[in-house]
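The structure appears below as structure tokens.
Here is the naming used below: chain letters follow the sequence lines, and residue numbers restart at 1 for every chain.
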Protein chains: 2
Amino acid sequence: MKKDTSAKLMSVGLKVTPNRLAILEVFSSDCRPINAEYIFQKLQGQNINLVTIYRTLSTFEEKGILRFVNVHTDSAHYELAEHHHHHLICKDCGVIEEISICNKLLDKDALSQSKKFNFIESHSVEFFGVCKKCEA
Amino acid sequence: MKKDTSAKLMSVGLKVTPNRLAILEVFSSDCRPINAEYIFQKLQGQNINLVTIYRTLSTFEEKGILRFVNVHTDSAHYELAEHHHHHLICKDCGVIEEISICNKLLDKDALSQSKKFNFIESHSVEFFGVCKKCEA
DNA sequence: ATTCAGGTGCAAAACATTTGCATCTGAAGA
DNA sequence: TCTTCAGATGCAAATGTTTTGCACCTGAAT
């Protein structure tokens with residue numbers, strides 16, 4: 001729904017623009033960690049600049065719409081913050097499998113050991129291995 | 001002990017060189033995630049090339065001596081694989097606090113949900129927030 | 001002492017990401 | 001509906017990290 005995405009933007013004080021809606025749409029239709037270049041490819045033909053994508057990703061992350069995901073590669077990957085799950089990543093081919101062991105207790109445990117932090121905003125849990133295909 | 005580090009290199013089939021020993025020493029004396037540039041600074045005066053550091057980090061990671069750490073910044077950070085702990089990272093100033101909630105059960109949980117992997121080699125658990133200093 | 005795969009330095013390239021600046025546009029107010 | 005302007009965007013260029021090609025060097029096995 002375009003209404004949902006517009007509302008999401010306005011609720012964090014961002015202007016609703018075609019570029020932003022398009023980028024959010026890519027994230028909605030493709031729910032796995034993606035990078036700027038991928039979005040750029042997907043939006044070829046609708047006249048959007050790669051720089052704008054970088055700026056938008058960064059803005060969205062600040063506003064809590066997107067979450068940075070460590071896929072252990074060259075480029076920065078993001079996914080919708082509302083899709084809170086973790087990833088199993090193949091060191092060989094880079095395939096990503098999503099799992100949902102999200103454990104709120106983790107944050108609590110971590111915080112209880114911390115001396116320098118009062119609260120935790122987010123966490124990132126990624127597993128690395130070699131997938132069955134690459135293993136063969 | 002230089003013997004330990006030499007042995008570590010040989011055990012994974014790498015030649016023992018002054019550069020590699022020096023790099024390992026930096027990691028031993030400074031046990032937190034560091035990047036190539038930092039090592040380069042530390043080893044100023046002993047005639048080591050930045051390129052060599054990049055190559056060495058990459059080699060060490062492949063061999064399981066180092067582990068890549070997602071500190072959510074520009075450059076790639078690593079730490080000794082044997083130092084297995086996790087990190088609380090400040091989104092503002094980048095300060096890193098180490099914690100030790102390492103939980104082997106995590107791997108088990110993750111694997112039990114996976115269809116594409118037979119085993120997990122390593123995991124990465126990082127927490128993000130704003131530290132007390134930056135909060136003030 | 002010889003040999004050679006693997007390690008290193010140097011220069012240059014490749015790549016992801018950021019920045020400066022001019023222009024445009026969403027949306028708030030008249 | 002029209003005006004206004006902070007914020008959004010495009011373009012070109014810069015920045016910073018990491019990689020690569022190539023010639024030379026060196027550890028360690030024989």
Side-chain angles (χ1 to χ4, degrees), chain A residues 2-3 5-26 33-63 65-66 68-78 91 94, chain B residues 2-3 5-26 33-63 65-66 68-78 91 94:
Chain A
K2 189 161 287 181
K3 275 227 171 117
T5 47
S6 293
K8 186 186 291 191
L9 289 173
M10 295 196 295
S11 74
V12 294
L14 294 176
K15 286 186 183 166
V16 178
T17 71
N19 281 340
R20 289 176 171 171
L21 292 175
I23 291 175
L24 280 181
E25 214 159 303
V26 174
I34 58 181
N35 62 9
E37 184 60 31
Y38 178 84
I39 297 169
F40 188 55
Q41 298 301 334
K42 279 271 178 179
L43 297 182
Q44 280 303 18
Q46 70 192 268
N47 203 48
I48 184 172
N49 195 287
L50 186 55
V51 173
T52 300
I53 296 175
Y54 276 110
R55 281 195 272 233
T56 304
L57 292 178
S58 171
T59 303
F60 282 2
E61 199 210 350
E62 262 172 38
K63 297 296 186 178
I65 296 175
L66 294 179
F68 177 92
V69 179
N70 165 28
V71 297
H72 197 330
T73 62
D74 40 10
S75 62
H77 286 61
Y78 297 85
K91 283 186 157 182
Chain B
K2 189 160 286 179
K3 272 221 171 125
T5 47
S6 294
K8 188 187 289 192
L9 289 172
M10 294 196 297
S11 74
V12 293
L14 294 176
K15 286 185 184 168
V16 178
T17 72
N19 281 342
R20 288 175 172 173
L21 292 175
I23 292 175
L24 279 181
E25 215 159 301
V26 174
I34 57 182
N35 62 10
E37 185 60 31
Y38 177 86
I39 297 169
F40 187 55
Q41 298 300 334
K42 279 272 177 180
L43 297 182
Q44 280 303 16
Q46 70 192 266
N47 203 46
I48 183 173
N49 194 287
L50 186 55
V51 173
T52 300
I53 297 176
Y54 276 109
R55 281 195 272 232
T56 304
L57 291 178
S58 170
T59 304
F60 283 1
E61 199 211 349
E62 261 172 38
K63 297 297 185 177
I65 295 175
L66 294 178
F68 176 91
V69 179
N70 165 28
V71 297
H72 198 328
T73 64
D74 40 10
S75 61
H77 285 62
Y78 297 85
K91 283 185 158 185

Tell me the salt bridge (Lys or Arg N to Asp or Glu O under 4.0 Å) pairs involving residues 42-59 of chain A, sequence neighbours left out? A:Asp30-A:Lys42
Side-chain heavy-atom pair B:Ile39, B:Thr56 within 4.5 angstrom cut-off: no
Do B:Leu21 and B:Leu9 come close enough that some side-chain heavy atom pair is under 4.5 Å? yes
For DNA chain C, the residues among residues 12-19 of chain B that have a non-hydrogen atom under 4.0 Å from it: B:Leu14, B:Lys15, B:Thr17, B:Asn19
Listed in order of residue number, which residues of residues 39-52 of chain B have a non-hydrogen atom at under 4.0 Å from DNA chain C? B:Asn47, B:Ile48, B:Asn49, B:Val51, B:Thr52
In degrees rounded to 10°, what angle is found between the helical axes fit to the five outermost pairs at each end of the helix from C:dA1-D:dT30 to C:dA30-D:dT1? 40°
Contacted region of DNA chain C by chain A, from 5' end to 3' end of the hits, cut-off under 4.0 Å to heavy atoms, spans C:dA16 to C:dA27
Go through DNA chain D in 5' to 3' direction and return only the first and the last nucleotide with some atom under 4.0 Å of chain B's heavy atoms. D:dT17 to D:dA28
Those residues that, when tested against [X], pass side-chain contact (heavy atoms from CB on, under 4.5 Å) (two or more places apart):
X: A:Val12; answer: A:Leu14, A:Lys63, A:Ile65
X: B:Glu37; answer: B:Asn35, B:Phe40, B:Gln41, B:Leu50
X: A:Ser58; answer: A:Glu62

About how many Å separate [atom2] of [Y] and [atom1] of [X], when rounded to the nearest 0.5 Å?
X: B:Thr5; Y: B:Ile23; atom1: OG1; atom2: CD1; answer: 12.0 Å
X: A:Leu43; Y: A:Gln46; atom1: CG; atom2: CD; answer: 4.5 Å
X: B:Ile48; Y: B:Thr17; atom1: CD1; atom2: OG1; answer: 8.0 Å

Taking ring-ring contact (aromatic ring centres under 6.0 Å, His included) as the definition, give me every residue that meets it alongside A:Tyr78, ordered by chain and number, with sequence neighbours left out. A:Phe68
Residue set satisfying side-chain hydrogen bond (donor to acceptor under 3.5 Å, both in side chains) with B:His77, at least two apart, ordered chain then number -> none
Check every strand shown and say whether A:Arg55 touches a base, only sugar-phosphate, or nothing at a heavy-atom separation below 4.0 Å. base
Contact class for B:Ala76 (heavy atom, under 4.0 Å): base, sugar-phosphate, or nothing? sugar-phosphate
